[in-house]
2 protein chains.
Amino acid sequence: MVQPATNVALSHSAHDHDACIADALTRADALCRQRGLRLTAIRRRVLELIWANHQPTKAYDLLAQINAERGNAAPPTVYRALDFLLDAGLIHKIESQNAFIGCAVDHDRNQPKFFICRTCGRAAEIQSSQIDDVIANEAEEAGFVVDHQTIEVDGLCAACAAALKS
Amino acid sequence: MVQPATNVALSHSAHDHDACIADALTRADALCRQRGLRLTAIRRRVLELIWANHQPTKAYDLLAQINAERGNAAPPTVYRALDFLLDAGLIHKIESQNAFIGCAVDHDRNQPKFFICRTCGRAAEIQSSQIDDVIANEAEEAGFVVDHQTIEVDGLCAACAAALKS
DNA sequence: CTCCTTAATGTTATATGATAACGATACCGC
DNA sequence: GCGGTATCGTTATCATATAACATTAAGGAG
Ligand SMILES: [Zn+2]
Ligand SMILES: [Zn+2]
Ligand SMILES: [Zn+2]
Ligand SMILES: [Zn+2]
């Protein structure tokens, strides 16, 4: 039986997630060095905490964790780090959840889009130039100049759907 | 010169907006009668206030207006009305703005999608089976079962883009 | 190395968005 | 009219996010 191709973020099979985290931090270091941005200790730690799993993370959960570690942190501490990471394109905000997730995608030409499982909570950033193209076409027809997209598809990932059927 | 086809919601030309409001309320009455739902005074008034213009409306702005009219209204008053209207499909939530907008679309087969102008603030619900189809395809390939979509495209409407260029 | 400017962080307070819980009313079928 | 259920009123509280200003750290010019 052939399994459908699926994003590692949505897969329920074990994967080397430590590698996900390490890769993300390596990429972040490289990107910041390259652009002259400063990935300070707090910013780096927030990014690392966000990458702790493939589920969107809430700002106040980050705050609680940072506080457990260093005792001093107020909301602005976390929100400023989040703003930096958002601006740098290292994370995205999941608007439908007021939560944040790491980005492992090259956004040269495509905009962020997510499949989000309502059962396991995992969110996978998908790359589909088709979706971008269709939206670009629709926008073109309407004379609308696209600046930013929020595309969040909620539902059941393959594994959770299979589990429900059994 | 040919104007691009555009949604009345994004058009800056005057239109009979009283008719927009009247239509929306008429449709709401019909739909609720048909389904045995009760469009009570508060719910109807909240819907009417949301339709006051083609820009997403914030819950606490609704609250302030209701309060100005009847003096007694707490957040639950408005949020309960909003929940009802959302469930009935009479309004949608614009997740990226924590705001609400009226729906004038038949959602038999297509999911809500919006173009939102960052300059004039108008939001237009667009109907594009193409976008739904492409997303359905992508989901199919990933074995993902789609439940609900959040599609919000931010940018400049034709009129605002033209104004900026001049 | 020191001074200076700017970026980043600490700190307090507050704004904004949403829900829990429970009692009081209003509606509807019988 | 009676009784059950949906709606609404009311109070309190939780959750999300930012304003404002003081303090500290980083990095460049001389
Ligand atoms: Zn992983
Ligand atoms: Zn991304
Ligand atoms: Zn109108
Ligand atoms: Zn709609």
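Just so we're on the same page: letters track the sequence lines, and every chain starts at 1.
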Rounded interatomic separation in angstrom, taking [atom1] from [X] and [atom2] from [N]:
| X | N | atom1 | atom2 | answer |
| --- | --- | --- | --- | --- |
| A:Arg70 | C:dT9 | CZ | C1' | 9 Å |
| A:Glu95 | D:dT16 | CD | C1' | 12 Å |
| A:Leu63 | C:dT12 | CG | P | 14 Å |
| B:Leu82 | C:dA18 | CG | P | 9 Å |
| A:Asp61 | D:dA15 | CG | P | 10 Å |
| B:Asp83 | D:dA6 | CG | C1' | 15 Å |
| A:Leu37 | C:dT6 | CG | P | 19 Å |
| A:Arg43 | C:dT9 | CZ | C1' | 9 Å |

Which of D:dG9, C:dC27, C:dG17 is nearest the side chain of B:Asn98? It is C:dG17

If you only use heavy atoms from C-beta on, which nucleotide in C:dT9, C:dG10, D:dT10 is closest to the side chain of A:Thr40? C:dT9

Of B:Pro75 and B:Asn72, whose nearest nucleotide on DNA chain D comes first from the 5' end? B:Asn72

From the list A:Leu62, A:Thr40, A:Ile66, side chain to side chain contact (heavy atoms under 4.5 Å, CB included) partner of A:Arg45 resolves to A:Ile66

Sort out for me which residue in B:Gln149, B:Lys93, B:Glu125 forms a side chain to side chain contact (heavy atoms under 4.5 Å, CB included) with B:Pro112. B:Glu125

OG1/B:Thr150 to NE2/B:His92 distance, rounded to the nearest 0.5 angstrom? 11.0 Å

Between A:Ala41 and B:Gln97, whichever has its closest DNA chain C nucleotide further toward 5' is A:Ala41

Side-chain N or O of [X] less than 4.0 angstrom from OP1 or OP2 on [N]?
| X | N | result |
| --- | --- | --- |
| A:Arg80 | C:dA7 | no |
| A:Lys58 | D:dT16 | yes |
| A:Tyr79 | D:dT18 | no |
| B:Arg38 | C:dA26 | no |
| A:Lys93 | D:dA17 | yes |

Only residue of B:Lys113, B:Gln111, B:Gln127 satisfying side-chain hydrogen bond (donor to acceptor under 3.5 Å, both in side chains) with B:Asp132 is B:Lys113

Using the side-chain hydrogen bond (donor to acceptor under 3.5 Å, both in side chains) rule, pick out the option among A:His54, A:Gln55, A:His12 that qualifies with A:Arg122. A:His12

At less than 3.5 Å, do the side-chain atoms of A:Tyr60 and the base atoms of D:dA17 form a donor-acceptor pair? yes

